[in-house]
Amino acid sequence: QESGARKFKQQHMDSNSRHLPNSNYCNKMMKKRKMTVDACKPVNTFVHESLTDVKAICNQRNIRCKNGQNNCHKSRSSMRVTDCRLTNGSRHPNCKYRTSPAKRQIIVACDKNRVPVHLDA
Ligand code: A3P
């Protein structure tokens, strides 16, 4: 498996969480998914939809990504997500996050194999 796709799944996919996350969700998940190792990753979103549905976003039309590349794609439907944002005053290695569930269309960047490698929005 190409490393960008593997990293995307590690950092952004949590398909099997069926209930609304509790307030500790991001504290646990950001650590478990290795985003607090060298530093606290400031912002990260987990997507609670099937990998099949998220991969299918790559078949939507290309749009411009925040970095100026044109390999981004927007989901047609709203997706269940959880936003994790580092709290003010949180210091590595004690990374503390605010957990915010949401439902919205997401934007992913896809590679040439048409698999997601980055969450743009
Ligand atoms: P690195 O992991 O090497 O820093 P994210 O965590 O935001 O999903 O990003 C995953 C990786 O995708 C990041 O690389 C990021 O720089 C990269 N990336 C950003 N925009 C991209 C794009 N349009 N196409 C492919 N990769 C992109």
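Start at 1 and go down the list; that is how both ligands and their atoms are numbered. The residues of the chain are indexed from 1 along the displayed sequence.
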Subject >> Shortest non-hydrogen contact from His92 toward Val37 >> reply: NE2-O, 2.9 Å
Subject >> Spacing of His48 atom NE2 and Arg80 atom CZ [to the nearest 0.5 Å] >> reply: 8.0 Å
**OP:** Run the numbers on Asp14 and Lys32 for salt bridge (charged side-chain N to carboxylate O under 4.0 Å, His left out), then give the verdict.
**Re:** CA-CA 12 Å; Asp14 185 22; Lys32 181 178 174 192; over 6 Å; no
Original post:
Looking at atom 20 (N) of ligand 1, what's its closest protein heavy atom, distance included?
Top reply: Asn67 ND2, 3.1 Å
**OP:** For atom 7 (O) of ligand 1, grab the closest protein heavy atom and report residue, atom and distance to one decimal in Å.
**Re:** His118 ND1, 3.0 Å
Original post:
Short list, please: which atoms of ligand 1 are under 4.0 Å from a heavy atom of Val117?
Top reply: 10 (C), 11 (C), 12 (O), 25 (C)
Original post:
For atom 22 (C) of ligand 1, which candidate among Lys41, Gln69, Lys7, Gln11 provides the closest heavy atom?
Top reply: Gln69
**OP:** Heavy-atom contacts with Ala109 under 4.0 Å: which atoms of ligand 1 show up? List them by number with element.
**Re:** 22 (C), 23 (N), 24 (N)
Subject >> Heavy-atom neighbours of Asp38 CG exceed 12 at 6.0 Å >> reply: no
Original post:
For Leu119, is at least one N or O under 3.5 Å away from an N or O on ligand 1?
Top reply: yes
Original post:
Can you list the ligand 1 atoms lying under 4.0 Å from a non-hydrogen atom of Cys65?
Top reply: 23 (N)
Original post:
Looking only at heavy atoms, which two atoms of Tyr97 and Leu86 are closest? And how far apart?
Top reply: CD2-N, 3.4 Å
Subject >> Location of contacts on Asn71 toward ligand 1, heavy atoms closer than 4.0 Å >> reply: side chain
Original post:
So, for atom 14 (O) of ligand 1, does the protein have a heavy atom nearer than 4.0 Å?
Top reply: no
Subject >> Atom indices of ligand 1 within 4.0 angstrom of His12 heavy atoms, with elements >> reply: 5 (P), 6 (O), 8 (O)
Original post:
Could you give the distance from CG (Asn88) to NZ (Lys96), rounded to the nearest 0.5 Å?
Top reply: 15.0 Å
**OP:** Report yes if Asp120 has an N/O atom closer than 3.5 Å to an N/O atom of ligand 1; otherwise report no.
**Re:** no
Subject >> Where Arg64 and Gly68 come nearest, the two heavy atoms and their spacing >> reply: CD-O, 3.3 Å
Subject >> Thiol sulfurs of Cys110 and Cys58 closer than 2.5 Å >> reply: yes
